[in-house]
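A quick write-up on the structure given underneath.
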Amino acid sequence: MVLKDKITIKMGGNALSIWSVEDERLYQLAVQRLQNNNVVGADAVLQKILKNPANANLQKIKDLKNKIEARS
């Protein structure tokens with residue numbers, strides 16, 4: 001993880017935040033809800049994930065947010 005962060009930073013990106021098991025579980029739940037066309041439910045789970053400000057910088061969260069917004 002540290003090596004990946006160093007490479008990402010050298011390439012002009014940001015360091016990755018620590019992604020907890022609970023955050024991953026919530027992310028998977030949000031994706032599942034979105035796949036089931038439950039946009040409101042997916043957004044509610046996304047808001048829980050975003051309570052940790054570091055999560056907002058993760059690309060997979062940005063992508064999920066964009067997908068939810070596209071369906072709203």
Side-chain angles (χ1 to χ4, degrees):
M1 180 78 100
V2 174
L3 177 60
K4 186 174 182 181
D5 284 348
K6 287 180 182 179
I7 293 169
T8 301
I9 291 169
K10 291 217 182 236
M11 292 177 61
N14 297 323
L16 298 175
S17 67
I18 300 300
W19 185 247
S20 72
V21 173
E22 178 63 13
D23 288 339
E24 179 64 28
R25 185 190 70 76
L26 288 171
Y27 172 78
Q28 293 300 328
L29 179 60
V31 169
Q32 182 181 37
R33 287 185 177 180
L34 189 59
Q35 289 173 342
N36 291 329
N37 294 319
N38 182 353
V39 179
V40 173
D43 188 53
V45 175
L46 176 63
Q47 296 312 311
K48 289 181 184 178
I49 294 170
L50 291 174
K51 285 186 179 182
N52 178 350
N55 290 342
N57 295 324
L58 296 172
Q59 188 60 47
K60 64 196 268 180
I61 296 303
K62 291 177 184 178
D63 293 343
L64 178 61
K65 184 177 179 183
N66 289 337
K67 289 176 184 176
I68 290 171
E69 289 174 354
R71 290 197 183 181
S72 295

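Just so you know, these numbers come straight off a predicted model, no measurement behind them.
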| message | For the CG atom of Leu64 and the CG atom of Leu46, what is their distance to the nearest 0.5 Å? | response | 5.0 Å
| field | salt bridge (Lys or Arg N to Asp or Glu O under 4.0 Å) contacts touching residues 24-35 (sequence neighbours left out) | value | Glu22-Arg25, Glu24-Lys60
| said: By the salt bridge (Lys or Arg N to Asp or Glu O under 4.0 Å) test, which pairs, at least two apart or in different chains, include something from residues 63-72? | reply: none
| note | Interatomic distance, CG@Asn52 vs CG@Leu58, rounded to 0.5 Å, equals 8.5 Å
| said: Give me the atom names and distance for the closest heavy-atom approach of Leu50 to Asn55. | reply: CD2-C, 4.4 Å
| query | With no hydrogens and no angle check, do the side chains of Gln32 and Asn36 hold a donor and an acceptor under 3.5 Å apart? | reply | no
| message | Can you tell me how far apart CD (Gln47) and CD1 (Ile49) are? Round to the nearest 0.5 Å. | response | 9.5 Å
| field | Closest contact, heavy atoms only, Ala30 versus Val45 | value | CB-CG1, 3.7 Å
| task | Kindly compute the distance separating CG (Asp43) from CG (Asn38), expressed to the nearest 0.5 Å. | result | 10.0 Å
